[in-house]
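Structure record follows, encoded as C-alpha cells.
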Amino acid sequence: TDLLQWNHFTAMKYIDSNFKNTKLKILDVGCFNGFFVKELLHKGHDAYGIDFNEKAIKYGHENYNLKEKIFQTNLKSLPQQASKFDVITIFEVIEHLEDIDDLIVDACSILNDDGIIIVSTPNKNMCWRPRLDSPPHHLSRFTPKSLKSYINNMGLEKVFSSEQMSLSDLIRNYVGSILRSSDESSLRGGEFKQKQASIIIRRFLNKTKKPINLVLFPINLLLHSFNLRYISQIIIARKKSGQTTK
C-alpha cells in the first residue's frame, strides 16, 4: 500500500460507500505495476490493469502474482476475460496524452451502462507548479470547472468530485525539484544529484506517509478553506441517461 495516493484512497472510499458488499469488475488504466489492482483484489473485486510500461508489468507479474490480471496493452486490445466493466479508473493519465477523446471513448465502450469512470489529474489551480507540470511531461491542464465541462461534452455526467490539498506532497515535490538536476528530456524532469540518498529518503517518506498526513490533516483543511489546492483532483462520472459518448 506504500504506492497508494490520495486519488486511490478517494476512489476506494467512494466505491466502498456506494457499492457496499458488491463485487465489481474494475479496470485500472495506467496501472503501473498493478499495486492498485492488488489492493482491489484484496478487497474482493475482480480487478484488471493495463499499462504500456513493460518493466512495471513484469514486476507486477513476478512480485504481486498478477500475471492474469495486468497486461501491457491498450483499451482496444484487451484480453477476452477483461471486456466489460463496472468501474474504470484513469489516474494521472490524461495530462500526458495529445488526444484524450480517444481514451474516454474507448473506456466508455467497455463500461457497463450503469458503470462509473473515475478520472484524476493535476489541478490547474494548484498553489505551486512543479517542473513536471509542463510539456513534454504534461500536455494539458484542467481546472475542476473545465474538467467537469470536458466530461460533460464526452456524454458523461458528474456524480462526485473532489480537490486535494496536501502540504506533505507540496513540500516533498518542492524539495525534490531543488535536489534534481535540470533535464527537460528526463521523464522525471531530471535525476537526483545524490541518487542513493534520494532512494533512501523516498522509501522512508513512503513508509511514513500515513502518519505524516494524519498529523497534517487539520492544516490541510485550513489551507483548503483558504482556497489553496495541491496537487490533484478527481471526478467520478457515469453515462448520461439515454445518451452515448462521442
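Please read all numbers here as calculations on a predicted model, not as lab measurements. Positions are given from 1, in the same order as the sequence printed here.
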Let me check something: any side-chain donor-acceptor pairs from residues 12-19 under 3.5 Å, sequence neighbours excluded? List them with distances.
unit_1	atom_1	unit_2	atom_2	d
Asp16	OD2	Lys43	NZ	3.4
Ser17	OG	Lys13	O	2.9
Asn18	ND2	Tyr14	O	2.8

Atom pair [atom1] ([X]) and [atom2] ([Y]), whose distance is rounded to the nearest 0.5 Å:
| X | Y | atom1 | atom2 | value |
| --- | --- | --- | --- | --- |
| Ile26 | Leu40 | CD1 | CG | 4.5 Å |
| Leu78 | Phe71 | CG | CZ | 8.0 Å |
| Ile151 | Phe142 | CD1 | CZ | 8.0 Å |
| Ser166 | Ile219 | OG | CD1 | 11.0 Å |
| Asp51 | Cys31 | CG | SG | 5.0 Å |
| Ile104 | Ile117 | CD1 | CD1 | 5.5 Å |

message = Check this for me, if you would: do Asp46 and Lys23 make a salt bridge, where the nitrogen-to-carboxylate-oxygen distance has to be below 4.0 angstrom?
response = no
On a heavy-atom basis, which atom in [X] and which in [Y] lie closest, and how many Å separate them?
| X | Y | value |
| --- | --- | --- |
| Pro144 | Asn123 | CD-OD1, 3.4 Å |
| Leu156 | Ala237 | CB-CB, 4.0 Å |
| Asp86 | Leu111 | O-CD1, 3.8 Å |
| Pro122 | Glu92 | CD-OE1, 3.3 Å |
| Gly34 | Leu66 | O-CD1, 3.5 Å |

Side chain [X], main chain [Y], donor-acceptor under 3.5 Å:
| X | Y | value |
| --- | --- | --- |
| Lys239 | Cys108 | yes |
| Glu95 | Ser140 | no |
| Asn220 | Leu167 | yes |
| Ser134 | Leu132 | no |
| Lys209 | Ser168 | no |

task = Please determine which of Glu68, Lys67, Lys69 meets the side chain to side chain contact (heavy atoms under 4.5 Å, CB included) test together with His61.
result = Lys67
task = For Asp114, enumerate each residue passing the salt bridge (Lys or Arg N to Asp or Glu O under 4.0 Å) test, keeping only those at least two apart in sequence or located in another chain.
result = none
Residues that Glu163 engages under salt bridge (Lys or Arg N to Asp or Glu O under 4.0 Å), provided they are two or more places apart = Arg229
Flag yes if [X] and [Y] sit in one hydrophobic cluster, no otherwise; membership is Ile, Leu, Val, Met, Phe, Trp, Tyr, and two members link when side-chain heavy atoms are under 4.5 Å apart.
| X | Y | answer |
| --- | --- | --- |
| Met154 | Leu139 | no |
| Val175 | Ile212 | yes |
| Leu24 | Val159 | yes |
| Trp128 | Ile178 | yes |
| Phe9 | Val215 | no |

Check: [Y] and [X] side chains under 4.5 Å, non-hydrogen atoms:
| X | Y | result |
| --- | --- | --- |
| Asn33 | Asn63 | no |
| Asn153 | Ser149 | yes |
| Ile110 | Asp106 | no |
| Ile234 | Phe160 | yes |
| Tyr150 | Ile100 | yes |
| Leu75 | Asp102 | no |

Side chain to side chain donor-acceptor pair (under 3.5 Å) partners for [X], two or more places apart:
| X | value |
| --- | --- |
| Thr143 | Ser146 |
| Asp28 | Thr89 |
| Asn125 | none |

ask   = For Leu228, what residues pass the side chain to side chain contact (heavy atoms under 4.5 Å, CB included) criterion, not counting sequence neighbours?
value =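 For Leu228 the side chain to side chain contact (heavy atoms under 4.5 Å, CB included) partners, ignoring immediate neighbours, are Cys127, Met165, Leu223.
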task = Would you mind listing every salt bridge (Lys or Arg N to Asp or Glu O under 4.0 Å) that reaches into residues 140-160, with sequence neighbours excluded?
result = Asp133-Arg141, Glu157-Arg238
task = Please list all pairs passing the salt bridge (Lys or Arg N to Asp or Glu O under 4.0 Å) test where one or both residues lie in residues 54-65, with sequence neighbours left out.
result = none
request  = Please say whether the positively charged group of Lys25, taken as NZ for Lys or CZ for Arg, lies over the ring of Phe85, i.e. under 6.0 angstrom from the six-membered ring centre and within 45 degrees of the axis.
outcome  =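 That pair qualifies as a cation-pi contact.
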request  = Might you work through the side-chain hydrogen bond (donor to acceptor under 3.5 Å, both in side chains) test for Asn74 and Ser77, ending with a clear yes or no?
outcome  = CA-CA 6 Å; Asn74 56 44; Ser77 305; 3.3 Å; yes
query = Given the rule in the side-chain hydrogen bond (donor to acceptor under 3.5 Å, both in side chains) test, do Gln164 and Ser232 qualify, once you have shown the distances and angles that lead to the verdict?
reply = CA-CA 5 Å; Gln164 182 187 20; Ser232 191; 4.7 Å; no
remark   = Sorted by chain and residue number, the ring pair (Phe, Tyr, Trp, His ring centres under 6.0 Å) partners of His96 (sequence neighbours excluded) come out as His138
inquiry  = Under the rule for ring pair (Phe, Tyr, Trp, His ring centres under 6.0 Å), what residues qualify as partners of Phe91, not counting sequence neighbours?
reply    =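 With sequence neighbours excluded, Phe91 shows a ring pair (Phe, Tyr, Trp, His ring centres under 6.0 Å) to His8, Phe36, given in chain and number order.
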task = State whether the number of non-hydrogen atoms from other residues, nucleotides or ligands found under 6.0 Å of Asn65 atom CG is greater than 12.
result =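 12 or below, so no.
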inquiry  = Would you say that more than 12 heavy atoms from the other residues, nucleotides or ligands in this model lie under 6.0 Å from the CG of Asp99, or not?
reply    =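 Correct, the count exceeds 12.
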message = Under the ring-ring contact (aromatic ring centres under 6.0 Å, His included) definition, can you give me all pairs with a residue in residues 206-238, not counting sequence neighbours?
response = none
request  = Would you please say whether a donor-acceptor pair under 3.5 Å links the side chains of Lys240 and Asn152?
outcome  =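 Indeed, the side chains of Lys240 and Asn152 share at least one donor-acceptor pair under 3.5 Å.
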